[in-house]
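Please read the structure below before turning to the comments.
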Amino acid sequence: MPDSNQANLIRLPPACKCRHISKFRLLLQAHCSLLPAVNSSLQFPPEGSENENKDIDFKILFLSCSKVYRAKQLHALLMVSGRAQDIFLSTRLVNLYANLGDVSFARNTFDQIPKKNIFTWNSMLSAYTRFGRFREAVNCFYHLLLASGLRPDSYTFPPVLKACGNIVDGEKLHCWVLKLGFEWDVFVAASLVHMYSRFGFLCIARQLFNNMPVRDLGSWNAMISGFCQNGNAAEALDVLDEMRSEGVKMDPVTVASLLPVCALADDIVIGMLIHLYVVKHGLEADVFVSNALINMYAKFGILGHARRVFEQMEVRDLVSWNSIIAAYEQNDDPNTALGLFKKMQLLGFRPDLLTAVSLASIVSQLSDRQSSRCVHGFIVRRHWFVEDVVIGNAVVDMYAKVGAIDSSRTLFEELPVKDVISWNSLITGYAQNGLASEAIEVYQMMEEHREIIPNQGTWVSILPAYSHVGALQQGMRIHGRLIKNCLYLDVFVGTCLVDLYGKCGRLDDAMSLFYQVPRTSSVPWNAIISCHGIHGHGDQTLKLFNQMLDEGVKPDHVTFVSLLAACSHSGLVDEGQRFFYVMQEKCGITPSLKHYGSMVDLLGRAGRLEMAYDFIKNMPIQPDASVWGALLGACRIHGNVELGSFASDRLFEVDSENVGYYVLLSNIYANVGKWERVDKVRSLARDRGLKKTPGWSSIEVNNKVDVFYTGNQTHPKCVEIYKELKVLTARMKSLGYIPDYSFVLQDVEDDEKEHILMSHSERLAIAFGIISTPPKSTIRIFKNLRVCGDCHEATKFISRIAEREIIVPHEDETGKQVRGAVGIKNTCKSHFQTTAPKSCYMRPPGGILAPGESIIATGNSTSLELLYFAQQFVRGRQARRNHYVRCTRGIPESFDSQKINPNQRPHAVSGEFRG
DNA sequence: CCAGACTTTT
């Protein structure tokens, strides 16, 4: 008997006093809650035929258990009334526990049943399967088979077939099905079809399906879902046609299987047709169907439809909420997603692991560092990290995206299980935070783990890291590996390779690779356009853009960022302005801050500083740091102190953290010798706790990338490097090199200045290159910051003395560069962003030019620098009258500085050597 | 009393 306390708690309605059995039953049904029912059945045992009534009453009792504790009370009741040994009731009890999700209690109950029948076993088996405890289900099956002496029936196989973990188990089970003669059972056969298709053996599945004498809807669904889950949309739709021609109607399950492949096959028409069918047949009421619809529309990016389906749902479950949140999150609307998440919580839905995955992504899109810690804590408290790798990967990714790369690393180390995606996330994280050498290091660690097999995502994250530091050799090794498995033809991987070759100055290789990868999407186009832009081939960029339009590829916002940057670097002001117009009017793209920044850069770099300022004033959105930064950069190029200091005031209002801008401003003052202003800016930066980003240069020698910082004395070959530099400097001086101390932004003695210039990172790297590579081979240097003008000069001399081609591309002064396609997810959304470094790329800098070859100079160099360079080139080659340099823009045919209009500053000079 | 087929994932 339940204890008296409990009995007192239960207040029976007055109708219970009635002893008549039918009224008693009505009462139980009306109050379908266990405790009154238990009490009633104990206090008022039903009359009439015992056996008949006993069953019915217990059925109601079982039905009324909706919580585990009630099931336990019922269990107790069965024990006290001596019914626990009843095979029928105890089997129901096993089921009850299983239905309530307590598999271990079900197992306990199961174990306590002395004589089990096949129903009992089947119940236990299906309980294991339903809760994903597949190993135990299969073990249980073999136990039944070998130890119980019972014969499995047709109910036994479907759960076991679902539970089997690999094809070997599956084939063994298939043998048992045949041996025991169950292959003609519709359910068993459908389960076999499903199992084979799950392991990708679609031919066997199809064969079995064709041989089925009777097919019910479930069998058709098993076959269709088999094809769907293998991404085989065409076959799935064929089966659907067959099914409909046999007069079988689609049910919610069919629809829910088919909808995801519509998104996969990129076929919105079929998807909408199915939606019509759903509406017509009223299948919307099924949560699975509506959820699948939401997901499909989300994948097509049609958020309006997704939202409408969601709003019209009468019953929403956790999956519905997860789906709609993920829909907004994946379509770059984190704020709406967050709003929905809050609403979901208010309505009392408990977030699950997948909600947390979306949440992590939302937080990283909002780049909200504070919340990222909250999300982490939220997940730790629920012990989800041990449950699933996915969530761990998501959080590693989140920390990396909000810039907390150290937290990302720490968490990565702590993950109980790591898969290839975990590694990819960390590599991508380092790469996106500009820490390319760390990314490479992690990649090498990953290669040491034999069990982790790199995939597309790995290549897409490591290749940009290689191109970041200019590790062409290592990148090419990867290229070799990719050729073996044909992955280099993958759009994203191929694009990364194009980017690598392009960034490393191998534009020809980049182009030939570009023509091999599929180019129906804008992704590879953006990369190749950007690469040409970086190297100042403005005309080539325009050609490529036209070609892109001819081939019917729709340019996206990234295309225009690359295009505008390219115009800016090649001084194509009018073209740039035209593209800005085309983008809005013809392509319907609303310009983002990046586009505005590029436009300011375009105008400013060309010397139209007032126009650039007016442009900023007329912007419909609030200008951010990148826009003011572009203006400041332009002021530095053109030495406009006044506008520069104005721009920097605005700049520090929106971003006072980026040390690069302080450096820019102090350079502006230093160039005009306003040292006290320089000091002021420096102390301002110091007071705000900012440290100058150390400039580095890197060089790849023997598959290893060496990075040098200015004044670096820790390199193993340090002594030789400085020795070489001394020799070089002496020879340079004899050839007329005069160190330009204006680039030393410190007020020190001249010989100290000379030493500072000599130990600039770039020169250390070059010297190291000269002593470590065979004579005459090309030296490729990579830098993170802008080159200093003196190094730029010195490099030309060194190139001539050492008879080496020296290539030095470099980046923005802010050291900020959004690097290419990092991370699959991003690339899928064509975020193939390669903001062009504002480069000064010369080929060959020393003027060693073969007939027909051309030189290119672009970027930060002022027209006079360019002119000087070109003259040097001509002199260096002992130019004759019939040697001439053809200029693409701005500079007249001969190098007569008098004819140059200083307002029309050329930014690309290409020269041709005609002997 | 027990069975199959279906939606969300970094």
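Chain identifiers are assigned alphabetically (A, B, ...) following the order of the sequence lines, protein sequences preceding nucleic acid strands; residue numbering begins at 1 within each chain. Note that the structure is a prediction, hence the values are computed from the model and not measured.
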Report task. Describe the nucleic acid contact of A/A326 in one word from base, sugar-phosphate, nothing, applying a heavy-atom distance below 4.0 Å. Result ->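 Contact class for A/A326: none.
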
Taking DNA chain B as the partner, which of [range] come within under 4.0 angstrom of it by heavy atom?
range: residues 285-293 of chain A; value: A/F288, A/N291
range: residues 211-224 of chain A; value: A/D216, A/G218, A/S219, A/N221
range: residues 98-122 of chain A; value: A/F119, A/N122

Can you tell me if [X] and [Y] form a side-chain donor-acceptor pair at under 3.5 Å?
X: A/N291; Y: A/S320; result: yes
X: A/N424; Y: A/S461; result: no
X: A/R373; Y: A/S407; result: yes
X: A/N99; Y: A/R130; result: yes
X: A/R308; Y: A/Y297; result: no
X: A/R409; Y: A/Y399; result: no

Phosphate oxygens OP1/OP2 of [N]: is one of them under 4.0 Å from a side-chain N or O of [X]?
X: A/Q229; N: B/dA5; result: no
X: A/Q330; N: B/dT8; result: no
X: A/H194; N: B/dA5; result: yes
X: A/T91; N: B/dC1; result: no

Side chain of [X] only, please: which of [options] is the nearest?
X: A/V390; options: B/dT9, B/dC1, B/dT7; answer: B/dT9
X: A/V357; options: B/dA3, B/dT8, B/dT9; answer: B/dT9
X: A/D251; options: B/dC6, B/dT8, B/dA5; answer: B/dA5
X: A/F88; options: B/dT8, B/dC1, B/dC6; answer: B/dC1
X: A/S323; options: B/dT8, B/dG4, B/dC6; answer: B/dT8
X: A/N295; options: B/dA5, B/dA3, B/dT7; answer: B/dT7

Query - Within 6.0 Å of CD in A/E314, more than 12 heavy atoms from elsewhere - result: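 12 or below, so no.
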
Rounded to the nearest angstrom, tell me the gap between atom [atom1] in [X] and atom [atom2] in [N].
X: A/L125; N: B/dC2; atom1: CG; atom2: C1'; result: 10 Å
X: A/Q432; N: B/dT10; atom1: CD; atom2: C1'; result: 14 Å
X: A/L411; N: B/dT10; atom1: CG; atom2: C1'; result: 12 Å
X: A/L96; N: B/dC2; atom1: CG; atom2: C1'; result: 14 Å
X: A/W184; N: B/dA3; atom1: CH2; atom2: P; result: 25 Å
X: A/F227; N: B/dC6; atom1: CZ; atom2: P; result: 14 Å
X: A/D153; N: B/dC2; atom1: CG; atom2: P; result: 12 Å
X: A/Y155; N: B/dG4; atom1: OH; atom2: P; result: 11 Å

Report task. Under the side-chain contact (heavy atoms from CB on, under 4.5 Å) rule, collect the residues that match up with A/S358, sequence neighbours excluded. Result ->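 Testing A/S358 for side-chain contact (heavy atoms from CB on, under 4.5 Å), a comparison that skips the adjacent residues, returns A/I325, A/A326, A/E329.
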
Report task. Not counting sequence neighbours, which residues clear side-chain contact (heavy atoms from CB on, under 4.5 Å) with A/K249? List them please. Result ->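 Once residues adjacent in sequence are excluded, the partners of A/K249 under the side-chain contact (heavy atoms from CB on, under 4.5 Å) criterion are A/Y277, A/H281.
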
Table please: side-chain donor-acceptor pairs of residues 187-194 of chain A below 3.5 Å, with sequence neighbours left out.
unit_1 : atom_1 : unit_2 : atom_2 : d
A/S191 : OG     : A/F187 : O      : 2.9

Query raised in the report: Going by heavy atoms in the side chains, are A/V94 and A/I113 under 4.5 Å from each other?
Result: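 Touching, per the 4.5 Å side-chain cut-off.
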
Query raised in the report: How many angstroms lie between atom OG1 of A/T120 and atom CG of A/L93, to the nearest 0.5 angstrom?
Result: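 Between atom OG1 of A/T120 and atom CG of A/L93 there are 11.5 Å.
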
Query raised in the report: Is the NZ or CZ atom of A/K72 positioned over A/F105's six-membered ring, under 6.0 angstrom from the centre and within 45° of the axis?
Result: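 Flagged: A/K72 positioned over aromatic ring of A/F105.
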
